[in-house]
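Below: one structure, written as structure tokens.
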Amino acid sequence: MSSAMHLKPTKLGTKSYWDAQYTEEVSNYDELGDEGEIWFGQESVDKMVDWAVENVPPHASSASPPFILDVGTGNGILCLSLVEAGYDPHTIVGIDYSEGSVELSKRVAKGRNVDGLTFELVDFIHSRPTPLSTQLNGLWDLILDKGTFDAIALYGTQEANEQHPIDIYPERVEALLPAGGFFLITSCNFTEEEIKAHFTTKAPTLKYHSRIQHPTFTFAGKSGSLCCSVAFRKE
Ligand SMILES: C[S@@+](CC[C@H](N)C(=O)[O-])C[C@H]1O[C@@H](n2cnc3c(N)ncnc32)[C@H](O)[C@@H]1O
């Protein structure tokens, strides 16, 4: 792993942290109707959905609506927002490795009266999501990640020579996309240049496609964004 991508492990890189977090969020939802944390805010959700509508439209001329996978779905709000934007819930799957996230997402979807979405317990680094019955090739037209690669970057490794999960992650994306499929990632731990370099080096069939502009700030004469969103297309 390049040193720029090498972050110090923290509790956000542990499954026990997310399990405890979602246990609390499920009980908050049950007691107060609180849908839980939207990482990087609603604006980041809206921008990713707008990008999707423009580049992988819900009603393309092809017969089937696009198959969309949300990696590390959290409370499932990104999936629900795609449905609000006109996507068919039956072709959208949110996966997470924490059972509480899957449970919370299902409850939030039910609370919003949205049927047809699938939420599945899957560890993205070690297994593949179950293909939907209509999905003959098991591949996804669009894979989304908001904050999950960031969390995975905070994992520790057991052995000194063990491959870090962020070095495995790009190949996992590559294997689940057809030629022409898209991957859109939003990160607040890495710069746009770091994300571009990491994914195109580790998964050479992923080519940079486009970016989303986030609000910028200027400090000490330099401008930057708190988050970046970068899209890749498999050649
Ligand atoms: C920062 S949260 C982002 C949640 C959601 N995407 C959002 O934007 O609100 C990171 C999520 O990644 C999930 N996660 C971490 N490692 C994972 C893995 N290997 N496979 C699937 N989900 C994972 C965590 O359980 C957590 O829900």
Side-chain angles (χ1 to χ4, degrees), residues 5 7 9-26 28-29 34-52 68-84 92-109 112 117-130 140 142-158 162-173 175-176 183-190 195 202 212 214 226-230:
M5 302 301 284
L7 303 181
T10 77
K11 62 181 182 176
L12 268 73
T14 63
K15 186 168 176 299
S16 56
Y17 172 83
W18 294 108
D19 287 344
Q21 182 79 8
Y22 291 118
T23 300
E24 193 178 328
E25 291 198 7
V26 167
N28 286 344
Y29 182 74
D34 179 350
E35 293 180 342
E37 174 140 15
I38 300 180
W39 284 80
F40 316 151
Q42 182 64 42
E43 198 183 339
S44 66
V45 175
D46 296 342
K47 282 177 180 273
M48 288 179 81
V49 171
D50 288 349
W51 182 95
I68 304 180
L69 179 70
D70 180 25
V71 178
T73 199
N75 54 7
I77 297 287
L78 185 54
C79 296
L80 285 159
S81 302
L82 289 167
V83 176
E84 276 172 21
I92 300 175
V93 175
I95 59 167
D96 206 287
Y97 79 161
S98 176
E99 211 152 351
S101 150
V102 173
E103 192 49 46
L104 178 64
S105 301
K106 287 179 180 170
R107 289 186 198 201
V108 171
R112 291 195 187 191
L117 283 171
T118 301
F119 294 106
E120 190 187 10
L121 187 67
V122 177
D123 181 336
F124 186 67
I125 298 301
H126 298 110
S127 16
R128 286 172 86 104
T130 311
W140 304 85
L142 172 61
I143 299 179
L144 299 169
D145 177 320
K146 182 163 68 68
T148 302
F149 179 75
D150 281 1
I152 290 173
L154 300 170
Y155 287 12
T157 44
Q158 305 294 320
E162 187 184 323
Q163 205 182 11
H164 192 280
I166 66 160
D167 291 330
I168 300 169
Y169 186 109
E171 299 159 19
R172 309 289 301 161
V173 171
L176 291 173
F183 171 57
L184 174 64
I185 176 168
T186 295
S187 167
C188 290
N189 278 351
F190 300 105
I195 292 286
K202 301 280 173 196
I212 296 174
H214 289 280
L226 294 175
C227 280
C228 70
S229 296
V230 187

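Only a predicted model underlies this, so the values are computations on that prediction, with no experimental measurement involved. When a ligand or atom number is given, it counts from 1 through the structure's own listing order.
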Inset, instruction - For F119 and V102, work out which heavy atoms get closest and say how close. - result: O-CG1, 3.7 Å
Every pair of nitrogen or oxygen atoms between ligand 1 and the protein that is under 3.5 angstrom apart - can you list them with their distances to 0.1 Å?
{"residue": "ligand 1", "atom": "6 (N)", "partner": "G72", "partner atom": "O", "Å": "2.7"}
{"residue": "ligand 1", "atom": "6 (N)", "partner": "K146", "partner atom": "O", "Å": "2.8"}
{"residue": "ligand 1", "atom": "8 (O)", "partner": "K146", "partner atom": "O", "Å": "3.1"}
{"residue": "ligand 1", "atom": "8 (O)", "partner": "K146", "partner atom": "NZ", "Å": "2.5"}
{"residue": "ligand 1", "atom": "9 (O)", "partner": "W39", "partner atom": "N", "Å": "3.3"}
{"residue": "ligand 1", "atom": "12 (O)", "partner": "T148", "partner atom": "OG1", "Å": "3.4"}
{"residue": "ligand 1", "atom": "16 (N)", "partner": "Y155", "partner atom": "OH", "Å": "2.7"}
{"residue": "ligand 1", "atom": "19 (N)", "partner": "D123", "partner atom": "OD1", "Å": "2.9"}
{"residue": "ligand 1", "atom": "19 (N)", "partner": "Y155", "partner atom": "OH", "Å": "2.9"}
{"residue": "ligand 1", "atom": "20 (N)", "partner": "F124", "partner atom": "N", "Å": "3.0"}
{"residue": "ligand 1", "atom": "22 (N)", "partner": "Y97", "partner atom": "N", "Å": "3.2"}
{"residue": "ligand 1", "atom": "25 (O)", "partner": "D96", "partner atom": "OD1", "Å": "2.6"}
{"residue": "ligand 1", "atom": "27 (O)", "partner": "Y22", "partner atom": "OH", "Å": "2.6"}
{"residue": "ligand 1", "atom": "27 (O)", "partner": "D96", "partner atom": "OD2", "Å": "2.7"}

Inset, instruction - Answer yes or no: does atom CD of E43 have more than 12 heavy-atom neighbours from other residues, nucleotides or ligands under 6.0 Å? - result: no
Inset, instruction - Return yes if some donor-acceptor pair links the side-chain N/O of D150 with the main-chain N/O of N189 below 3.5 Å, else return no. - result: yes
Legend entry - Non-neighbouring partners of D50 that pass side-chain contact (heavy atoms from CB on, under 4.5 Å), sequence neighbours left out: none
Legend entry - R107/E35 salt bridge by N-O under 4.0 Å criterion: no
Inset, instruction - May I have the step-by-step check of ring-ring contact (aromatic ring centres under 6.0 Å, His included) for Y97 and F124, ending in yes or no? - result: CA-CA 7 Å; Y97 79 161; F124 186 67; over 10 Å; no
